[in-house]
Every structure is written in structure tokens, then in C-alpha cells.
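Read the structure below first, then the notes.
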Amino acid sequence: MRNLKTVLASLFITSLTLFTSCDPDDNGETIDIPEVLEYNNIQGFFETNGVQDQDFTLDAVTGGNIIGENGTIITFPANAFVDGSNNPVTGIVDVAIKEIFKPSEMILSNKPTNALSFSNQNTFLLSEGETEVRISQNGNTLQLANGINYQISVPSAGGLDYEMLPFAGTTSDAEGIVWDPTSDVGVTSSGMQYVTAPTSYIYDVFNTGWSNCDKFYNYPGAQTTNYINLSNSPNASETAIFLIFEENNLPAVVKFSTTYANGIQSYIDMLPEGLAVTYVAITVENNQQYLAMEDVTISDEEELTLNFEVKSTQEILDALSLLD
């Protein structure tokens, strides 16, 4: 009888859960209650649905390891932090981290793999993972002491690749983030160490904020520019466009942010002709969210018009998870 009560209780709770988004009308039939968004622009969408902080504490004097939910390991040396007046910090500090590995997480967090090359040219990356690290004490932001670095270890999906490099990210609402190869080197001559058990990359980080373990995408064939016509978008000025593909289990998520007469375009002559990709567009207008997704093969100087559909938050999350 005890087991039967447990089952009945579970069924009752499940029934309540299923009907929280419905209400009876005058005829006793259930009707859907519209989702009420907590935001009215695309930036609010990213902030609400993107990867959220994982919070830890650490003794500033002794240092130690922080281990993220998805396998990122961050190792801090002893006496690593200073305050805004460059004074050494003692006691317990707060460590907030974000781990991003999947295409869906990169889109939802507005953290694509756009980058600058060593010659400062626009390009993009194949990613082994993006990590943000923020340090504070009593609500005050802390920095690394002069000459101090910490190490990040990320699980490897693509295996040993001598072209892997550490990058540092600069964020903005429009571009999301742009990655620069770091000039600081500590672990090896390339700044990167590969470990086989478990398979992972370890690299040194010399500043708090965003860093990653990535490689430049190289394509020897013809490259072109694509254009996304936003005439069908319910809110063109609040529409985010991403191009997604994968190579050797590593995702590339490229955000378009350069405007042209009819919408938004890619970097000039940077898209490989013949490459199979998925375009994703998201926008917000009048308490509704819209999603457009289309699989295409990159063609020379092509202009595409995407079809937007009203979607709930869960529908968007489910659709993007298929990219992972």
C-alpha cells in the first residue's frame, strides 16, 4: 500500500505540472496561457537563457582547484589575487565561472567563435570550450597579482591537434564575443598542453574574464560572402544571426553582425563554398519570440531570406539542442 500511495502522489504531481500552462474556459475546456517573457529585446533573451554562473569559494592564501559541472578544472596558485588598490588579498574569495562547450550554449549565451587572426583579420574558430572566470570578495572585483597566472583544463572532444591555441575574449552586445590569440605563453611554447588521461587541454591564463582553447578554421578552397535578408523578420534591429557547423567533433558558431541594405552579412570572403551549415536566427517582438532555422550549402554571394515562426522558450531550447 505504501508503494501505491507513492505512485498516486507522483501521478498527482505530474498532472499538476502538465496543466500549469493551461486554464479552463467557460465550457470547461483547457486553453493555453501565453508565455510571459521577462525581457523585451534580444540581449534579455541571451541573459535569461544563456549559460549561468557556477559559484565557488576559495582561500586566497592557499589557492586550489575549482571543478566545473562539465569537467573544466581551474587551478589557482597561492596568493594570486589583489584588490583595486593592488593590495594582496587574504581570506575567502568568491569564484564565478561559466563553461560553454555546445553550439546551443554558444548561441543562447551570445558567445560565438568569431575571432581575429594574428594579422588582425576577421575569421572564426573551431572550439574545444569557452570559460569565463570572475573573482570577487565582499562584492568587490579582484584581479590577478602581477606576474601571476592560473591554469584551465578542459575536456577534449577532438583529440590531439597541434594547431590548438589559447584565446582571450572581448565581449560586446552586437558581436557577442571576439577571440584574440594570446601572446602570453607558460605551459609550452604554444601555450597549450595535451593530456591523454583523461583527454584534455591545459593552458595558462593571465587575466580574469573569458578564455578558450580553440583553433583557427582553415579552408583551402574558394570562399565567399553570404547575406541574410531580414525583410521577413518581425524585428530586424533585434535579430541575431548565427551560422553553425562542425568539424572533427568541434563546433564553429559564427555570428553575423555587419549590416547591409537588406539585413546582415557575413565577413567578406570568409565562408567556404560548398560547406554544409545551419543558419539560426532569433528575435523578440511584443512579448513573442521568433526562431528561423535552415540547413544550407554555402553558395557564392548568396542572399537568403529566412522564415520566422513564433516559438516558446522551450521550443527554442529543444530546436537548438539538435545542433549539439
Side-chain angles (χ1 to χ4, degrees), residues 42 45-46 49-50 100-117 121-130 158 167 169 171-179 212 214-233 236 238-260 262-283 290-309 311 316 319-324:
I42 192 65
F45 171 87
F46 292 136
N49 298 296
I100 295 179
F101 292 98
K102 301 176 182 178
S104 63
E105 296 170 337
M106 296 176 185
I107 294 169
L108 292 168
S109 304
N110 198 24
K111 296 296 180 287
T113 62
N114 298 50
L116 293 174
S117 68
Q121 300 297 308
N122 291 322
T123 185
F124 49 90
L125 310 171
L126 295 166
S127 183
E128 282 277 19
E130 305 171 347
F167 291 78
T171 61
S172 69
D173 289 350
E175 294 181 292
I177 196 165
V178 175
W179 300 97
N212 74 19
D214 285 14
K215 62 177 289 186
F216 290 114
Y217 177 70
N218 294 312
Y219 182 76
Q223 295 173 292
T224 187
T225 307
N226 272 193
Y227 306 84
I228 305 300
N229 188 316
L230 293 179
S231 58
N232 280 357
S233 173
E238 291 289 331
T239 300
I241 305 289
F242 299 91
L243 175 152
I244 302 94
F245 70 95
E246 183 180 282
E247 182 179 282
N248 191 33
N249 294 323
L250 303 180
V253 175
V254 185
K255 188 177 185 184
F256 291 9
S257 59
T258 303
T259 59
Y260 77 106
N262 298 326
I264 300 178
Q265 69 176 65
S266 69
Y267 295 146
I268 295 175
D269 294 336
M270 280 301 301
L271 300 182
E273 293 185 25
L275 180 69
V277 303
T278 300
Y279 276 111
V280 171
I282 303 171
T283 192
Y290 297 81
L291 174 69
M293 295 181 67
E294 185 171 344
D295 295 330
V296 304
T297 299
I298 297 296
S299 298
D300 185 34
E301 295 293 321
E302 184 173 17
E303 182 179 58
L304 298 98
T305 301
L306 305 177
N307 296 315
F308 289 81
E309 296 180 351
K311 298 289 184 182
I316 292 176
L320 294 183
S321 71
L322 298 178
L323 300 169
D324 296 339

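Heavy-atom basis, side chains included; hydrogens, waters and symmetry copies ignored.
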Applying ring-ring contact (aromatic ring centres under 6.0 Å, His included), name anything that partners Phe256, two or more places apart in sequence or on another chain. Tyr279
Are Ile282 and Thr239 close enough, and set up right, to give a side chain to side chain contact (heavy atoms under 4.5 Å, CB included), and what steps lead you there? CA-CA 6 Å; Ile282 303 171; Thr239 300; over 6 Å; no
What orientation do Phe242 and Phe46 show, parallel under 30°, tilted 30 to 60°, or perpendicular over 60°? perpendicular
Just jot down the side-chain contact (heavy atoms from CB on, under 4.5 Å) partners of Leu116, sequence neighbours excluded, or say none. Asn120, Asn122, Val178, Asp180
Return the minimal non-hydrogen interatomic distance between Leu291 and Ala319, and the atom names on each side. CD2-CB, 3.7 Å
Any non-hydrogen side-chain atom of Leu243 less than 4.5 Å from a side-chain atom of Ile298? yes
Determine whether Lys111 and Thr171 make a side-chain contact, defined as any pair of heavy atoms from C-beta on separated by less than 4.5 Å. yes
Please indicate whether Lys311 has more than 12 foreign heavy atoms, meaning atoms of other residues, nucleotides or ligands, lying under 6.0 Å from its NZ. yes
Heavy-atom donor-acceptor pair, Asn248 side chain to Leu250 backbone, under 3.5 Å: no
Check the pair Phe245 / Leu126 against side chain to side chain contact (heavy atoms under 4.5 Å, CB included), numbers first and verdict last. CA-CA 9 Å; Phe245 70 95; Leu126 295 166; 4.1 Å; yes
Glu301 side chain near Thr225 side chain, heavy-atom distance below 4.5 Å: yes
Is any side-chain heavy atom of Glu130 closer than 4.5 Å to one of Ser109? no
Name all residues meeting the salt bridge (charged side-chain N to carboxylate O under 4.0 Å, His left out) criterion together with Glu175; count only those two or more places apart in sequence or in a different chain, and write none if there are none. none
Drop me the distance from Asp269's CG to Thr224's OG1, to the nearest 0.5 angstrom. 6.0 Å
Rounded to the nearest 0.5 angstrom, the CG-CD distance for Asn307 and Glu294 is 7.0 Å
Could you tell me which non-hydrogen atom of Thr123 sits nearest to which non-hydrogen atom of Ser117, and how far apart they are? CG2-N, 3.9 Å
Tyr219 (side chain) donor-acceptor with Glu273 (main chain) under 3.5 angstrom: yes
Taking ring-ring contact (aromatic ring centres under 6.0 Å, His included) as the definition, give me every residue that meets it alongside Phe167, ordered by chain and number, with sequence neighbours left out. Phe216
Over all heavy atoms of both residues, which pair between Gly158 and Glu128 is shortest? Give the atoms and the distance, please. N-OE2, 3.1 Å
Does Pro103 reach the side chain of Asp324, with side-chain heavy atoms less than 4.5 Å apart? yes
Mind checking the OG1-CD spacing from Thr297 to Glu302? Nearest 0.5 Å is all I need. 9.0 Å
Matching residue for Lys255 among Thr113, Asn114, Asn110 - test: side chain to side chain donor-acceptor pair (under 3.5 Å): Asn110
Under the rule for ring-ring contact (aromatic ring centres under 6.0 Å, His included), what residues qualify as partners of Tyr227, not counting sequence neighbours? Tyr260
Report the distance from atom OG of Ser299 to atom CG of Asn226, rounding to the nearest 0.5 Å. 7.5 Å
Once you round to the nearest 0.5 Å, how far does CE of Met293 lie from OG1 of Thr278? 6.0 Å
Can you tell me which residue pairs pass the salt bridge (Lys or Arg N to Asp or Glu O under 4.0 Å) test with a partner in residues 214-228, sequence neighbours excluded? Asp161-Lys215, Glu163-Lys215
With a 4.5 Å limit on heavy-atom distance, are the side chains of Val296 and Val277 in contact? yes
Closest heavy-atom pair and its distance - Ile241, Ala281: CD1-CB, 3.4 Å
Under a 4.5 Å cut-off applied to non-hydrogen side-chain atoms, are Tyr217 and Val254 in contact? no
Hey, are the side chains of Ile316 and Asn49 touching, using non-hydrogen atoms and a 4.5 Å cut-off? no
The test is side chain to side chain contact (heavy atoms under 4.5 Å, CB included); show your working for Ile107 and Ile244 and say whether it passes. CA-CA 9 Å; Ile107 294 169; Ile244 302 94; 3.8 Å; yes
Any side-chain to backbone donor/acceptor pair from Trp179 onto Pro112? Under 3.5 Å, distance only. yes
Taking Phe101's backbone N and O only, do any of them form a donor-acceptor pair with Glu105's side chain (distance below 3.5 Å, no angle check)? yes
How many angstroms lie between CG in Leu323 and CE in Met106, if you round to the nearest 0.5 Å? 11.5 Å
